[in-house]
Amino acid sequence: MKRLVVVLVLLAPFTLSCSYFFKETLNVKEVVAKKEEMDRSDNPAYKFLATRDLAEKRVQVKNVTIKDVIVSGNIDYEFCVLVSVPYEKGMIDCYIYSRELKTVSRLVKGKSKIDVVGDFGRFFTLLDDAYTKIEIINADITILKEK
């Protein structure tokens, strides 16, 4: 019995870490398509479940130019990287939060190109030109082109 408990205790962190790496990954267009589907629904329970489902997914953004690096509005992160992704209905702004401060410190507004994979945070809108905004948290940033 003690061996079983020891094995279960040792396997628990491994199982949890594996689930992190095996999350389904969506691109920005797929995430926005899900938002548009949610917007068409009048059922708040559906919207809640769809948002919760997205929270279990990873979002991938490829080959985008840095729009800006700003001080974070999210209390869990120091800085936020802003990028815009073109979409047929307008630009999608991605607010990317990462704990990779050394990587973020090397980014140059308007020049650096990056790939990003992170957890879906939420949708939000502000009164500006963007079609929608997506929060990507716990992001891994890969610099493709520096300065």
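When each of I136, I96, V64, I70 is checked for a side-chain contact (heavy atoms from CB on, under 4.5 Å) with V81, only I96 meets the rule. Checked against V32 for a side-chain contact (heavy atoms from CB on, under 4.5 Å), the options T132, N27, V85 give a single hit: T132.
Considering only residues two or more places apart in sequence or on other chains, Y87 meets the ring-ring contact (aromatic ring centres under 6.0 Å, His included) condition with Y131. Shown here are the salt bridge (charged side-chain N to carboxylate O under 4.0 Å, His left out) partners of E88, two or more places apart in sequence or in another chain: there are none. When the side chain to side chain donor-acceptor pair (under 3.5 Å) test is applied to D39, the partners found at least two apart in sequence or on another chain are K35. For R122, the salt bridge (charged side-chain N to carboxylate O under 4.0 Å, His left out) partners at least two apart in sequence or on another chain are E135. With sequence neighbours excluded, no residue forms a ring-ring contact (aromatic ring centres under 6.0 Å, His included) with F79.
Scanning all heavy atoms of the two residues, the minimum distance from A139 to S98 falls at O-OG, 2.9 Å. Scanning all heavy atoms of the two residues, the minimum distance from I141 to E100 falls at N-OE1, 3.1 Å. The two atoms that bring I137 and Y77 nearest to each other are CB-OH, 3.7 Å, heavy atoms only. Nearest heavy atoms, A50 versus K34: CB-CE, 3.9 Å. Here the closest non-hydrogen pair linking R106 and S112 is O-OG, 4.0 Å. Closest approach of I134 to F124, counting heavy atoms only: C-CE2, 4.5 Å.
C94 places none of its side-chain heavy atoms less than 4.5 Å from the side chain of K133. Within the 4.5 Å cutoff, the side chain of F123 has no heavy atoms near those of the T51 side chain. Considering only heavy atoms from C-beta on, N63 comes within 4.5 Å of D115 through its side chain.
In this structure, the separation between CD1 on I143 and CG on L107 is 5.0 Å, given to the nearest 0.5 Å. Taken to the nearest 0.5 Å, the CG atom of L54 stands 5.0 Å off from the CZ atom of F120. Between D53 atom CG and Y46 atom OH the span is 9.0 Å, to the nearest 0.5 Å. Rounded to the nearest 0.5 angstrom, L144 CG and T65 OG1 are separated by 9.5 Å. Going from atom NZ of K57 over to atom CG of D119 covers 12.0 Å, rounded to the nearest 0.5 Å.
With hydrogens and angles ignored, the 3.5 Å screen pairs no side-chain donor or acceptor of T25 with any backbone N or O of R58. A donor-acceptor distance shorter than 3.5 angstrom exists from the side chain of K47 to the backbone of S41, with no hydrogens or angles considered.
The hydrophobic cluster containing F48 does not contain M38, counting ILVMFWY residues as joined when their side-chain heavy atoms lie under 4.5 angstrom apart, directly or transitively. In the hydrophobic cluster analysis, where Ile, Leu, Val, Met, Phe, Trp and Tyr join through side-chain heavy atoms closer than 4.5 angstrom, L26 is grouped apart from L49.
Sorted by first then second residue, the salt bridge (charged side-chain N to carboxylate O under 4.0 Å, His left out) pairs that include residues 60-82, not counting sequence neighbours, are K67-D93.
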Worked check of side chain to side chain contact (heavy atoms under 4.5 Å, CB included) between I66 and L82
CA-CA 6 Å; I66 300 300; L82 300 175; over 6 Å; no
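The pair K89-E36 meets the salt-bridge criterion, since a charged nitrogen lies less than 4.0 angstrom from a carboxylate oxygen.
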